[in-house]
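Note that these values count all heavy atoms, side chains included, but never hydrogens, waters or copies made by symmetry. Quick note on labels: first sequence line is chain A, next is B, and so on, each numbered from 1.
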Number of protein chains: 2
Amino acid sequence: MKRRNTAAKQTILDILQASRSVPLSQEDIEQKVAGKMNRVTVYRVLNSFYEDGYIHKILADDGKYYFAICLNCREDDHHHDHFHFRCLNCQKVECLQEEVKVQLPGGYRQESVNCLITGYCPECA
Amino acid sequence: MKRRNTAAKQTILDILQASRSVPLSQEDIEQKVAGKMNRVTVYRVLNSFYEDGYIHKILADDGKYYFAICLNCREDDHHHDHFHFRCLNCQKVECLQEEVKVQLPGGYRQESVNCLITGYCPECA
DNA sequence: TTTGTTAATGCAATTGAATTGCAATAATAA
DNA sequence: TTATTATTGCAATTCAATTGCATTAACAAA
């Protein structure tokens with residue numbers, strides 16, 4: 001299926017670009033595009049970006065998905081293996097520099113990581 | 001609120017005991033107690049265990065919660081900070097030995113971790 | 001043992017996010 | 001300019017999780 005460029009995609013892409021290291025939830029994005037497009041479209045656009053590898057998707061322990069533009073990712077070599085942090089007070093989620101390095105027991109093969117630290121950010125601590 | 005010991009709690013506790021290092025999903029547990037109790041009770045029992053710190057709760061990237069008895073946990077000193085692994089093929093989730101160690105940037109305070117590695121287990125790889 | 005309090009349970013109803021179906025719209029290749 | 005089909009909006013649906021409430025039963029106190 002060939003993708004097409006649309007206003008909806010561009011709008012969401014711009015929003016994600018403007019929030020490079022702070023992953024946004026579906027909800028966050030919906031609010032920013034309120035009125036401009038349907039919430040179903042937001043789902044579908046985010047999913048297509050994710051499928052295409054343009055963004056990464058974090059499931060936080062609040063049960064919500066957060067999306068962020070891929071940094072340091074080349075076409076075929078994604079690096080989504082950094083830690084994320086979620087503040088219990090202000091709810092903000094962000095990407096941490098530190099990479100996840102695990103020594104898996106023999107025989108295990110790693111495909112992806114979803115690592116989240118929960119706590120309080122400097123502003124809220 | 002004082003807790004009471006009930007058959008439902010004992011049944012679920014036994015199931016979790018029998019699956020110490022393999023966290024079970026709500027669904028898994030429901031199947032094991034099918035007929036014996038209502039699914040709402042399963043939710044409530046698991047939540048009470050979690051609130052009381054008897055079990056830990058992992059949100060996997062399949063969007064489901066998994067529950068496991070706390071290992072190496074003393075009353076007031078929980079250690080849930082190990083990695084978990086989920087197999088993309090057989091769906092099994094398990095606790096890994098390795099602890100999560102992150103160097104948080106200055107000012108950040110860590111409360112809990114939810115770290116999941118996804119991939120293929122030895123049986124499925 | 002009996003009784004009173006209230007935690008725990010089952011059932012039905014509700015919530016709420018995510019998904020799906022389908023018709024209308026619009027991007028893009030021919 | 002036209003044909004194809006990806007995209008979108010809207011309504012409806014799905015499904016897990018949660019809530020309200022009446023009933024049941026654990027357990028502390030008499």
A.B. asks: Have a look at A:Glu27 and say if it touches a base, only the backbone sugar-phosphate, or nothing, with a 4.0 Å heavy-atom cut-off.
C.D. replies: nothing

A.B. asks: Is A:Gln103 atom CD crowded by more than 12 heavy atoms from other residues, nucleotides or ligands, each under 6.0 Å away?
C.D. replies: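 Counting neighbours around CD of A:Gln103, 12 or fewer heavy atoms of other residues, nucleotides or ligands fall under 6.0 Å, so no.
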
A.B. asks: Of the listed nucleotides (D:dT19, C:dT28, C:dT5), which one gets closest to any side-chain atom of B:Arg4?
C.D. replies: C:dT5

A.B. asks: Would A:Lys57 count as a cation-pi partner of A:Phe67, with NZ or CZ less than 6.0 Å from the six-membered ring centre and within 45° of the ring normal?
C.D. replies: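 No cation-pi geometry.
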
A.B. asks: Grab the CG-C1' distance between B:Leu46 and C:dA8 for me, whole Å please.
C.D. replies: 14 Å

A.B. asks: Nearest whole angstrom, please: distance from the P of C:dT20 to the CZ of A:Arg39.
C.D. replies: 15 Å

A.B. asks: Mind calculating the distance between NZ (A:Lys9) and P (C:dA27) to the nearest angstrom?
C.D. replies: 11 Å

A.B. asks: Rounded off to whole Å, could you give me the OH-to-C1' distance for the A:Tyr43 and D:dG9 pair?
C.D. replies: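 These atoms are roughly 15 Å apart.
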
A.B. asks: In whole Å, what is the span from the CG atom of B:Asn5 to the P atom of D:dT24?
C.D. replies: 22 Å

A.B. asks: In whole Å, what is the span from the CG atom of A:Asp28 to the P atom of C:dA17?
C.D. replies: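 Atom-to-atom, A:Asp28 to C:dA17, this comes out as 13 Å.
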
A.B. asks: Please report the distance, rounded to the nearest Å, between CG in A:Asn47 and P in C:dT19.
C.D. replies: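 Rounded to whole Å, this separation is 6 Å.
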
A.B. asks: If you assign B:Thr6 and A:Ala8 each to the DNA chain D nucleotide with the nearest heavy atom, which residue ends up on the more 5' nucleotide?
C.D. replies: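 Nearest nucleotide further toward 5': that of A:Ala8.
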
A.B. asks: Strictly below 4.0 Å, N to O, side chains only: are A:Glu51 and A:Arg3 in salt-bridge contact?
C.D. replies: yes

A.B. asks: For D:dC27, does OP1 or OP2 lie under 4.0 Å from any side-chain N or O of B:Lys2?
C.D. replies: no

A.B. asks: When the distance from CD of A:Gln10 to P of C:dA26 is rounded to whole Å, what number comes out?
C.D. replies: 18 Å

A.B. asks: Does B:Asn38 put a side-chain nitrogen or oxygen below 4.0 Å from OP1 or OP2 of C:dC11?
C.D. replies: yes

A.B. asks: Given D:dT8, is OP1 or OP2 found less than 4.0 Å from the side-chain N or O atoms of A:Arg44?
C.D. replies: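 For D:dT8, neither OP1 nor OP2 has a side-chain N or O of A:Arg44 closer than 4.0 Å.
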
A.B. asks: I'd like to know whether CD of B:Glu111 has more than 12 heavy-atom contacts from other residues, nucleotides or ligands below 6.0 angstrom.
C.D. replies: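 Enclosed.
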
A.B. asks: According to the interplanar angle, ranging from 0 to 90°, do the rings of A:Phe83 and B:Phe83 count as parallel (below 30°), tilted (30 to 60°) or perpendicular (above 60°)?
C.D. replies: tilted

